[in-house]
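Working notes, beginning with the structure itself.
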Amino acid sequence: MGPLTVSPMGFGTWAWGNQLLWGYQDSMDSELQRTFNLAVENGINLFDTADSYGTGRLNGQSEKLLGKFIREFPGDKQVKSDIQIATKFAAYPWRLTPGQFVNACKSSLDRMQIEQIGIGQLHWSTANYAPLQERALWDGLVAMYEKGLVRAVGVSNYGPKQLLKIHKYLDDRGVPLRSAQVQFSLLSMGNDQMEIKNICDSLGIRIIAYSPLGLGMLTGKYTPSNLPPGPRGLLFRQILPGLEPLLASLRQIAQRRRKTIPQVAINWCICKGTIPIPGVKSVKQTEANLGALGWQLTSDELLQLECAALDSPQKMIQNVFQTK
């Protein structure tokens, strides 16, 4: 990815500090450190976070924990130095100037106590509701890149039209757009998603695929009668009943391959040329997700999964921040 060398899969850290959706508690920190260590020891060097992960007293908690875990990683120093943090800067309504966006980047660096961020990403576009703010945020990305605060620049939740616009703008300013983070999975392969992928492939932009397991719906762990607590349960209740064709195909391939359903779903994302970033909260989850690496689905298996996904009547809802 431009000047960066990143693992074929990264890990997302949305849950590290989020109480409402993921039930985070301070007591989880020691397990999260072991989770981080295990990932790095097994070749994972890309960790995705955001300055908006964690609210209230936990504001910026995900970034703080990542910085702490890097400092306290007990392994090889060279391995530690290869770790790349991709963080996202929120397009808050009070961030109206490039300087304010640069300050947001500096605040993230302070929280993580690192000298440079691997990929600095604009978390979402304001084109849908505050188009005049957008240019200042783009200029902020340019400024943080030119100041050396980030090694590479990326965007998140950009649809095809806005993606082409920001790519041209950054290119004219001499700043390469290296990554585009978008919801991408067997549950999220609609027209917009595939158009984004085609644009990225043609322009040399790497797709970072968030929610590769559909918030857990593609794990095989949940059923309409066994739903997760909280807001996820409400969403799962709407979508899970229509996923049986897809889950059946995932189950069939997993059994034949002696893999798990999540490993097959993540491997599909890798085979499509994306860098999936499943979220992890435990050593057990990390060990399971690492099993998605080191092998590839066949073209027939890819086709089987994609046909089953198309036959499933329900799809993942798209992020409200994603633009056209």
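This structure is a prediction, so every number in the text was calculated from the model and none was measured. Values reported hereafter were calculated over all heavy atoms of this structure, with side chains retained and with hydrogens, waters and symmetry mates removed.
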TODO: Determine, step by step, whether S211 and S185 satisfy the side-chain hydrogen bond (donor to acceptor under 3.5 Å, both in side chains) criterion, reporting the C-alpha distance in whole Å, the side-chain angles of both residues, the deciding distance to 0.1 Å, and the verdict.
DONE: CA-CA 7 Å; S211 293; S185 72; over 6 Å; no

Open item on the list: Could you walk me through whether Q263 and N267 satisfy the side-chain hydrogen bond (donor to acceptor under 3.5 Å, both in side chains) test, starting with their C-alpha distance in whole Å, then the side-chain angles of each, then the deciding distance to 0.1 Å, before giving a yes or no?
Closed with: CA-CA 6 Å; Q263 287 166 357; N267 192 271; over 6 Å; no

- [ ] Might you work through the side-chain contact (heavy atoms from CB on, under 4.5 Å) test for V40 and I70, ending with a clear yes or no?
- [x] CA-CA 10 Å; V40 175; I70 292 172; over 6 Å; no

Open item on the list: The test is side-chain contact (heavy atoms from CB on, under 4.5 Å); show your working for M9 and I266 and say whether it passes.
Closed with: CA-CA 9 Å; M9 174 177 71; I266 293 170; 3.7 Å; yes

- [ ] Decide salt bridge (Lys or Arg N to Asp or Glu O under 4.0 Å) for E244 and R251; before the verdict, give the C-alpha distance in whole Å, the side-chain angles of both, and the deciding distance to 0.1 Å.
- [x] CA-CA 10 Å; E244 192 44 44; R251 198 175 296 114; 3.5 Å; yes

Task: Residue pair D29, Q33: steps toward the side-chain hydrogen bond (donor to acceptor under 3.5 Å, both in side chains) verdict - done: CA-CA 6 Å; D29 289 357; Q33 175 81 65; over 6 Å; no

TODO: Verify side-chain contact (heavy atoms from CB on, under 4.5 Å) between L247 and L240, making sure each step is shown before the conclusion.
DONE: CA-CA 9 Å; L247 289 171; L240 266 178; 4.3 Å; yes

Task: Check against side-chain contact (heavy atoms from CB on, under 4.5 Å), L164 and L203 - done: CA-CA 9 Å; L164 286 170; L203 295 176; 4.1 Å; yes

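With T219 contributing its side chain and P262 its backbone, the two residues share no donor-acceptor pair below 3.5 Å. Q100 contributes a side-chain N or O that, together with a main-chain N or O of L96, makes up a donor-acceptor pair within less than 3.5 Å. Although no hydrogens or angles enter the test, the distance criterion places a donor-acceptor pair under 3.5 Å between the side chain of N42 and the main chain of L38. Side-chain N or O atoms of Q84 include none that pairs as donor or acceptor with a backbone N or O of L46 at under 3.5 Å. In this structure a side-chain-to-backbone donor-acceptor pair under 3.5 Å is missing from E301 to L297. A donor-acceptor pair under 3.5 Å is absent between the side-chain atoms of T13 and the main chain of S62, judged by distance alone. Side chain of K281 to backbone of W16: no donor-acceptor contact under 3.5 angstrom is found. In this structure a side-chain-to-backbone donor-acceptor pair under 3.5 Å is present from D51 to A90. Judged purely by atom type and a 3.5 angstrom limit, R151 has no side-chain atom pairing as donor or acceptor with the backbone of L4.
Two rings, from F36 and F47, have their centers less than 6.0 Å apart.
Note that the CZ atom of R34 and the CD atom of E41 stand 12.5 Å from one another [nearest 0.5 Å]. Rounded to the nearest 0.5 angstrom, I253 CD1 and D300 CG are separated by 9.5 Å. With rounding to the nearest 0.5 Å, the separation of CG in N45 from CD1 in I85 is 9.5 Å. Atom CD1 in I205 sits 14.0 Å away from atom CD in Q181 (nearest 0.5 Å). Rounding to the nearest 0.5 Å places CD of E306 at 11.0 Å from OG of S249. Note that CD1 of I208 and CD1 of I119 are 4.5 Å apart. Values are rounded to the nearest 0.5 Å.
None of K64, K88, Q61 except one satisfies the side-chain hydrogen bond (donor to acceptor under 3.5 Å, both in side chains) rule with Y53; the exception is K88.
Considering only heavy atoms from C-beta on, L215 stays 4.5 Å or farther from L187 through its side chain. K221 places none of its side-chain heavy atoms less than 4.5 Å from the side chain of P228. Taking 4.5 Å as the limit, some side-chain heavy atom of L305 sits within range of a side-chain heavy atom of V264. Annotation: side chain of Q78 is in contact with side chain of S81 (closest heavy-atom distance under 4.5 Å). Side-chain contact check for I44 versus L293: some heavy-atom pair is nearer than 4.5 Å. The side-chain heavy atoms of L141 and M144, taken from C-beta on, include a pair separated by under 4.5 Å. Between P212 and W268 the shortest side-chain heavy-atom distance does not fall below 4.5 Å. Inter-residue side-chain proximity for E31 and V283 is flagged as met; some heavy-atom pair is nearer than 4.5 Å.
Atom CD of Q296 has 12 or fewer heavy atoms from other residues, nucleotides or ligands within 6.0 Å. Around CD of E115, the count of heavy atoms belonging to other residues, nucleotides or ligands within 6.0 Å does not exceed 12. More than 12 heavy atoms of other residues, nucleotides or ligands sit less than 6.0 Å from atom NZ of K80. Counting heavy-atom neighbours within 6.0 Å of N226 CG, excluding the residue itself, gives a total above 12.
Contact detail for P245 and D311: the closest heavy-atom pair is CG-O, 4.3 Å. Taking all atoms of both residues into account, the shortest heavy-atom contact from R232 to G216 is NH1-CA, 4.4 Å. In plain terms, the two heavy atoms of C200 and I207 that are nearest each other are SG-CG1, 3.7 Å. Among all heavy-atom pairs drawn from L149 and C105, the shortest one is CB-SG, 3.7 Å. Taking all atoms of both residues into account, the shortest heavy-atom contact from G273 to R206 is O-NH2, 3.5 Å. Listed here is the closest heavy atom pair of S282 and T35: C-OG1, 3.1 Å.
At a threshold of 4.0 Å, the pair K197-D201 counts as salt-bridged, since one of the basic side-chain nitrogens sits closer than that to a carboxylate oxygen.
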Exercise answer: donor-acceptor pairs, residues 133-140 side-chain atoms, under 3.5 Å, sequence neighbours excluded:
| unit_1 | atom_1 | unit_2 | atom_2 | d |
| --- | --- | --- | --- | --- |
| Q133 | NE2 | Y92 | O | 2.8 |
| Q133 | NE2 | R95 | O | 2.8 |
| E134 | OE1 | S125 | OG | 3.1 |
| E134 | OE1 | T126 | N | 2.7 |
| E134 | OE1 | T126 | OG1 | 3.1 |
| E134 | OE2 | S125 | OG | 2.8 |
| E134 | OE2 | W138 | NE1 | 3.3 |
| E134 | OE2 | Y158 | OH | 2.7 |
| E134 | OE2 | Q162 | NE2 | 3.1 |
| W138 | NE1 | Y158 | OH | 3.0 |
| D139 | OD1 | Y169 | OH | 2.4 |
| D139 | OD1 | R173 | NH1 | 2.9 |

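Follow the hydrophobic side-chain contacts under 4.5 Å out from V79 and you reach F11 in the same cluster. In this structure, L186 is not a member of the same hydrophobic cluster as L303, with clusters built from ILVMFWY side-chain heavy atoms closer than 4.5 Å.
Residues that satisfy the salt bridge (charged side-chain N to carboxylate O under 4.0 Å, His left out) test with R111, not counting sequence neighbours, are E63. Under the salt bridge (charged side-chain N to carboxylate O under 4.0 Å, His left out) criterion, R258 pairs with no residue, sequence neighbours left out.
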